[in-house]
Amino acid sequence: MDETNISDFVAKQPTEVKIETKDELDTFFEEFLEKDSLFLDKVVLQVKYLPEIILHRTAQMKQLAAILAPALKTDKPSNLFIYGKTGTGKTLCMKHTITKMNALAESRNIPLRIIYLNCKLKKVADTEYRIIAQLAREVGEHVPMTGLPTDEVYNIFLTKLDAKKQTIIIVLDEIDQIVRKSGDEILYTLTRINSELNQAQVAFVGISNDVRFIEDIDPRVRSSLGEEEIIFPPYNALELKDILAKRSILAFKGPIIEDGVLAKCAAYAAREHGDARRALDLLRVAGEVAERTNCEAIAAQHIDMAEEKIEKSRILEIIETQPKQSQIVMYSILLVLAAKKRGEIAETGEVFEQYKELCKQTGNNILTQRRISDLISELDMLGLINARLISKGRYGRTREIYITIPADMLEKINTTLQGELF
DNA sequence: AGGTATTCACATGAAACTATTCTCTGAGTTAGG
DNA sequence: TAACTCAGAGAATAGTTTCATGTGAATACCTGT
């Protein structure tokens, strides 16, 4: 759905080549070696690639630089909040700025550190403790992953920070994730950090996908954290096309992209809130598909195929990585729906009954309906199912559950789940 | 007919509990001097 | 005596359970006409 790296997953998929005999295998490899790759440098199309020039984000870059620049003169810059949907270049611009500023600080010997933390990273920075621990590690203190009280780690961090006169900018990417998970206490703790420091000073940059996020945090935090804000609007189709064009020059060997392909790719991605990452993924997978089918150029049809492929592997990957209980619930939903006619929906109660049955069969323990309710909403969030809350008046309230996964895909999901469960 | 009250089948929230993972500590044990 | 082992104790976290409360609208039940 969001940051899970679909790109890598798609790349790992085996090639769809049927190999019957050893001779064919030999020739296949030989042909493979002889065949020229369409790609010059695939990395350019991946998320982690940091381009030298960031297109269509000049205004934001200027703002960002203007706000953070005082740090270079050892003043405390304003705290900053950055909003924007996924794939609008927030992280990219931020990282770019960080690299530049850190380099400058190093060469001029300015006591400035910028620490970047992605709060979404599991096991690294997704709870209050982990964030503070990670910060402490960034400034060079060893702290255990667990075993210490949170405020002790906080004190360790604080002492180390204050040891010398310096400016620290802490960038918290996807800050809305922790707040949703463990409340806004961390933010409060962090914002009052300055009042406990004598020598050092700290500024914060929060990056969030969710614009409404700021509305439901503690007002005290809101005012101190949101001194400045920058908004990253989605790219429109034209801008996306520019970006794709620029990167495809570096990524592919020669002009192998047919007319209109980039436009189509951009249009697809623009349709989904202008996500540049998606556009790049699409182009890369399209390239892979074209290569695999021995095409010399990337045509519009490859984009369609790429989209389908990305979607398929995304769904399968999500399902495979779900915890067991979640898988059981998913399978129950599929079973309930399979027992019905097309177009009909399942309800929470039915799914729960089926779920209990399934647990007995597979020897798993049965969770409460309360929990199943949550699991169902989680599956909904993941986009595996659609669940709509409806009231049937006298006959209660429930979730209408249905799926939008195409039928040919369903087959595969079923077997996957069966394999996982039995 | 129009208005109010019920009622169903869950949803949603908060708090408490459980199992697991990890560290640190200090008692007891061991091996070498 | 120093080094080592190993069982607590304390802490964080994910995943659940328990208990309590909320909810939207189709029906049932009134009410006065």
Side-chain angles (χ1 to χ4, degrees), chain A residues 4 117-137 140-160 174 177-190 212 216-218 318-333 336-337 340 344-360 362-382 384-402 420-421:
Chain A
T4 33
L117 276 190
N118 188 335
C119 307
K120 177 81 176 293
L121 287 180
K122 291 249 178 223
K123 307 281 178 190
V124 179
D126 59 348
T127 67
E128 176 173 14
Y129 178 86
R130 283 178 184 155
I131 285 177
I132 297 178
Q134 192 59 35
L135 286 173
R137 269 178 226 130
E141 282 289 335
H142 171 78
V143 277
M145 298 170 62
T146 169
L148 286 182
T150 308
D151 39 337
E152 197 168 327
V153 179
Y154 177 73
N155 283 331
I156 294 175
F157 172 58
L158 216 62
T159 325
K160 181 75 182 183
E174 315 218 27
Q177 298 289 330
I178 2 157
V179 174
R180 190 177 318 155
K181 248 190 87 187
S182 34
D184 50 12
E185 289 157 50
I186 319 117
L187 298 187
Y188 187 60
T189 317
L190 289 177
R212 288 158 304 153
D216 41 51
I217 60 176
D218 195 315
I318 295 176
I319 288 183
E320 277 168 5
T321 52
Q322 281 307 294
K324 185 133 285 176
Q325 288 290 352
S326 220
Q327 289 181 342
I328 301 176
V329 174
M330 183 72 201
Y331 196 44
S332 308
I333 293 171
V336 170
L337 284 171
K340 300 195 170 214
E344 279 192 86
I345 47 89
E347 292 174 6
T348 308
E350 296 170 305
V351 173
F352 185 57
E353 289 305 313
Q354 176 67 60
Y355 161 82
K356 281 195 284 194
E357 190 57 36
L358 210 54
C359 276
K360 264 185 234 157
T362 56
N364 287 283
N365 45 347
I366 301 171
L367 304 182
T368 45
Q369 175 150 343
R370 175 72 188 80
R371 182 67 186 135
I372 302 308
S373 182
D374 278 352
L375 288 179
I376 290 176
S377 354
E378 274 170 36
L379 289 175
D380 183 31
M381 298 269 225
L382 288 169
L384 294 180
I385 60 174
N386 291 48
R388 197 155 47 102
L389 185 60
I390 52 137
S391 173
K392 295 190 295 177
R394 195 75 220 281
Y395 305 105
R397 244 156 77 93
T398 184
R399 279 205 181 90
E400 270 186 349
I401 304 166
Y402 55 100
E420 298 265 349
L421 297 177

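These figures come from a predicted structure and were not determined experimentally. Residue numbers start from 1 in every chain, and the chains themselves are labelled A, B, ... in the order their sequence lines are given, proteins ahead of strands. The basis for the numbers below is simple: all heavy atoms, side chains too, and nothing from hydrogens, waters or symmetry mates.
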Enquirer: In whole Å, I'd like the distance from the CG atom of A/Leu375 to the P atom of C/dA14.
Expert: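 Spelled out: CG on A/Leu375 to P on C/dA14 is 15 Å.
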Enquirer: Can you check the A/Arg130 CZ to C/dA11 P distance for me, whole Å?
Expert: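 After rounding, the reported distance stands at 17 Å.
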Enquirer: From C/dA26, C/dT16, B/dT12, pick the nucleotide closest to the side chain of A/Gln325?
Expert: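 Per side-chain heavy atoms of A/Gln325, the pick is C/dT16.
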Enquirer: Does a side-chain N or O of A/Arg388 approach OP1 or OP2 of B/dC10 to a distance below 4.0 Å, or not?
Expert: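 Answer is no, no contact under 4.0 Å.
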Enquirer: C/dT17 phosphate, OP1 or OP2: any side-chain N/O from A/Arg371 under 4.0 angstrom?
Expert: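 For C/dT17, neither OP1 nor OP2 has a side-chain N or O of A/Arg371 closer than 4.0 Å.
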Enquirer: Where the side chain of A/Gln369 is concerned, which of C/dT16, B/dA11, B/dC10 is the nearest nucleotide?
Expert: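 Per side-chain heavy atoms of A/Gln369, the pick is B/dC10.
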Enquirer: Can you find a pair of side-chain heavy atoms, one from A/Met330 and one from A/Ile385, that are under 4.5 Å apart?
Expert: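 Answer yes - side chains close enough.
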Enquirer: Given atom CG of A/Asn364 and atom P of C/dG15, what is their separation to the nearest angstrom?
Expert: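 Taking atom P of C/dG15 as the reference, CG of A/Asn364 is at 15 Å.
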Enquirer: Grab the OH-C1' distance between A/Tyr355 and C/dT16 for me, whole Å please.
Expert: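 Going from A/Tyr355 (OH) to C/dT16 (C1'), I get 10 Å.
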Enquirer: If I take atom NZ in residue A/Lys392 and atom C1' in nucleotide B/dA11, what distance separates them, rounded to the nearest angstrom?
Expert: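 Taking NZ of A/Lys392 and C1' of B/dA11, I get 14 Å after rounding.
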Enquirer: Which nucleotide, C/dT16, B/dT12, C/dA25, lies nearest any side-chain atom of A/Ser391?
Expert: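 For A/Ser391, the side-chain atoms sit closest to C/dA25.
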Enquirer: Do you know the tightest heavy-atom contact between A/Asn365 and A/Tyr355?
Expert: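 Of all heavy-atom pairs spanning A/Asn365 and A/Tyr355, the closest is O-OH, 3.8 Å.
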Enquirer: Do A/Arg397 and C/dT23 have a side chain to base donor-acceptor pair shorter than 3.5 Å?
Expert: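 Checked by distance alone, the answer is yes.
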Enquirer: OP1, OP2 of B/dA11 versus side-chain N and O of A/Ser373: anything below 4.0 Å?
Expert: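 Result: yes.
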Enquirer: Choose from B/dA11, C/dA28, C/dA14 the nucleotide whose nearest atom is closest to any side-chain atom of A/Arg394.
Expert: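 Within the option list, the nearest is C/dA28.
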Enquirer: Looking only at N and O atoms, is any donor in the side chain of A/Arg370 or the base of B/dG13 less than 3.5 Å from an acceptor on the other one?
Expert: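 Flag set: donor-acceptor pair detected.
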Enquirer: Please give, in whole Å, the distance from C/dG10 C1' to A/Tyr129 OH?
Expert: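 Answer to the nearest Å: 12 Å.
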Enquirer: Tell me: CD1 of A/Ile366 to P of C/dT17, nearest whole Å?
Expert: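 Result: 10 Å.
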Enquirer: Contact class for A/Ile390 (heavy atom, under 4.0 Å): base, sugar-phosphate, or nothing?
Expert: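 Here A/Ile390 touches no strand at all.
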Enquirer: Tell me if a side-chain donor or acceptor on A/Ser373 pairs with a main-chain N or O of A/Gln369 at a distance below 3.5 Å.
Expert: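 Not confirmed, A/Ser373 side chain does not pair with A/Gln369 backbone.
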Enquirer: What is the distance, rounded to the nearest whole Å, between atom CZ of A/Phe352 and atom P of B/dC10?
Expert: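 Between P of B/dC10 and CZ of A/Phe352: 10 Å.
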Enquirer: Would a distance-only check, ignoring hydrogens and angles, find a side-chain to backbone donor-acceptor pair under 3.5 Å from A/Gln327 to A/Ile319?
Expert: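 It does hold such a pair.
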Enquirer: With a 4.0 Å limit, can you tell me whether A/Thr398 has a side-chain N or O closer than that to the phosphate oxygens OP1/OP2 of B/dA9?
Expert: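 Checking B/dA9 against A/Thr398, no side-chain N or O comes under 4.0 Å of OP1 or OP2.
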Enquirer: What I'd like to find out is whether the side chain of A/Glu353 reaches to under 4.5 Å of the side chain of A/Lys356, using heavy atoms alone.
Expert: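 Yes, their side chains come closer than 4.5 Å.
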